[in-house]
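Numbered from 1 within each chain, the chains take letters A, B, ... in sequence-line order. Computed from a prediction, not measured in an experiment: that's the story for all the values here.
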2 protein chains.
Amino acid sequence: MAGPKGSKYYDIFLKFKVWLENTDGESILGDGKFELIDCIDQLGSLKAAADKMGISYRKAWGNVKDAEEKLGFLLVEKHRGGQHGGSSVLTPEGKKLIEAYKELLVEFDEAIYQITKKFFNKVNE
Amino acid sequence: MAGPKGSKYYDIFLKFKVWLENTDGESILGDGKFELIDCIDQLGSLKAAADKMGISYRKAWGNVKDAEEKLGFLLVEKHRGGQHGGSSVLTPEGKKLIEAYKELLVEFDEAIYQITKKFFNKVNE
DNA sequence: AGGCGATATGTTTATATTTGCATATAGAAA
DNA sequence: TTTCTATATGCAAATATAAACATATCGCCT
């Protein structure tokens with residue numbers, strides 16, 4: 001969303017971000033990690049998810065581990081070894097979390113729309 | 001806002017951030033710079049604003065300059081020299097911008113409240 | 001003319017964050 | 001018991017971001 005055509009703010013956008021944080025003010029997970037977890041859910045593998053998101057396995061693995069440590073519970077159930085090397089599947093908590101996050105985003109987008117419109121009206125008064 | 005007492009998410013919070021961005025995806029100004037500009041408005045000086053915010057004058061000055069360059073217009077009218085060394089006062093555009101931003105934050109907070117509540121209900125189901 | 005204090009800006013040093021490299025391990029199947 | 005592939009993790013290299021240092025300029029006032 002940008003300001004009206006011809007205004008000072010025509011090609012300027014209002015963006016937002018939501019994330020989970022702990023009491024120490026540390027970021028636990030934001031959109032990137034949520035997306036990653038969603039990919040794991042869809043692909044059944046951390047490696048496949050990393051590839052799809054265009055990030056290294058090392059990074060993806062570190063992201064998941066970091067989030068889990070800060071949350072204090074597991075999001076992904078990991079299996080290693082076996083014919084295909086291993087696999088990953090979301091825990092019930094992980095599943096609930098991404099479901100809730102998806103709904104949250106939809107509601108956020110709706111709320112943002114009105115707020116943004118008002119903002120650009122005001123700066124262009 | 002956190003999850004209900006005793007739940008997995010008791011000491012975990014949902015946070016958000018809003019900022020202005022240009023078409024190149026560059027951040028123009030977010031809460032830190034908005035606050036700085038607000039301080040300049042209140043104190044009439046970039047130096048005083050920097051001191052109040054606990055950042056160096058160099059950094060504060062760079063922040064303002066960067067935002068102005070990306071916006072394409074001035075936020076602050078700067079004067080140098082004179083008995084007191086100089087002063088800074090917001091331009092009408094700068095003033096409008098921080099006013100609009102303050103209102104935006106209030107509305108955002110309200111919207112967030114409901115959304116957050118729903119989110120934590122869902123993950124704790 | 002000289003002092004004072006805030007604006008103006010280049011350069012450099014430190015710190016934090018991210019990315020990438022290398023390597024180890026598990027475990028089903030051939 | 002060898003092979004294959006994803007999970008697991010330490011560590012080094014590369015960037016990005018921020019902080020610090022060093023000067024220069026401007027213009028009212030004495």
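What separates CD of B/Glu68 from P of C/dT7 is a distance of 13 Å, to the nearest Å. What separates CG of B/Leu43 from P of C/dA6 is a distance of 12 Å, to the nearest Å. Whole-Å rounding puts the B/Leu46 CG to C/dT9 C1' distance at 13 Å. Here D/dT7 presents its C1' atom at 4 Å from OH of A/Tyr57, a figure rounded to the nearest Å. Atom CD of A/Glu69 is separated from atom C1' of D/dT9 by 12 Å (rounded to the nearest Å). The distance from atom CZ of B/Arg80 to atom C1' of D/dC26 is 5 Å, rounded to the nearest whole Å. Between the CG atom of B/Asp51 and the P atom of C/dG5 there is a distance of 13 Å, rounded to whole Å. In this structure, A/Asp66 places its CG atom 15 Å from P of D/dA8, rounding to the nearest Å.
Contacts between residues 21-35 of chain B and DNA chain D, defined by a heavy-atom separation under 4.0 Å, are absent.
For the atom pair B/Asp38 CG and B/Asp31 CG, the distance stands at 12.0 Å (nearest 0.5 Å).
We find that B/Lys118 and A/Glu107 are joined by a salt bridge, their nearest charged nitrogen and carboxylate oxygen being less than 4.0 Å apart. Between B/Lys122 and A/Glu99, no side-chain nitrogen of the basic residue sits less than 4.0 Å from a carboxylate oxygen of the acidic one, so the salt-bridge criterion is not met. Looking at A/Asp41 and A/Lys95, a side-chain N of the basic residue comes within less than 4.0 Å of a carboxylate O on the acidic one, giving a salt bridge. Checked for salt-bridge contact, B/Asp24 and B/Lys70 miss the test: no charged N lies under 4.0 Å from a carboxylate O. Salt bridge annotation for B/Lys78-B/Glu68: present, with a cationic side-chain nitrogen under 4.0 angstrom from a carboxylate oxygen.
Within the nucleic acid shown, B/Gly86 comes within 4.0 Å of sugar-phosphate atoms alone, with no base atom in reach, counting heavy atoms only. Among the atoms of the strands shown, base atoms are found under 4.0 Å from some heavy atom of B/Gly85.
When all heavy atoms are compared, the tightest approach of A/Leu97 to A/Phe34 is CG-CE2, 3.8 Å.
Phosphate contact (OP1/OP2 of C/dT9, side-chain N/O of B/Lys65, threshold under 4.0 Å): present. Between C/dT7 and B/Trp61, no contact under 4.0 Å exists linking OP1 or OP2 to a side-chain N or O. A sub-4.0 Å separation between OP1 or OP2 of C/dT7 and a side-chain N or O of B/Ser88 is present. Taking only side-chain nitrogens and oxygens, B/Ser45 comes nearer than 4.0 Å to OP1 or OP2 of C/dT7.
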Look for any protein N or O under 3.5 Å of an N or O in nucleotides 11-19 of chain D and output each such pair with its distance, or none.
from, atom 1, to, atom 2, distance (Å)
D/dA19, OP2, B/Lys59, NZ, 2.5

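Between A/Tyr9 and A/Phe119, the two ring planes are perpendicular [angle over 60°; tilted spans 30° to 60°].
A cation-pi arrangement, defined by a distance under 6.0 Å to the six-membered ring centre and an angle within 45 degrees of its axis, is present between A/Lys8 and B/Phe73.
Nearest-nucleotide mapping onto DNA chain D: of A/Ala48 and A/Gln83, the residue sitting toward the 5' end is A/Gln83.
In the displayed structure, B/Lys15 atom NZ is contacted under 6.0 Å by at most 12 heavy atoms of other residues, nucleotides or ligands.
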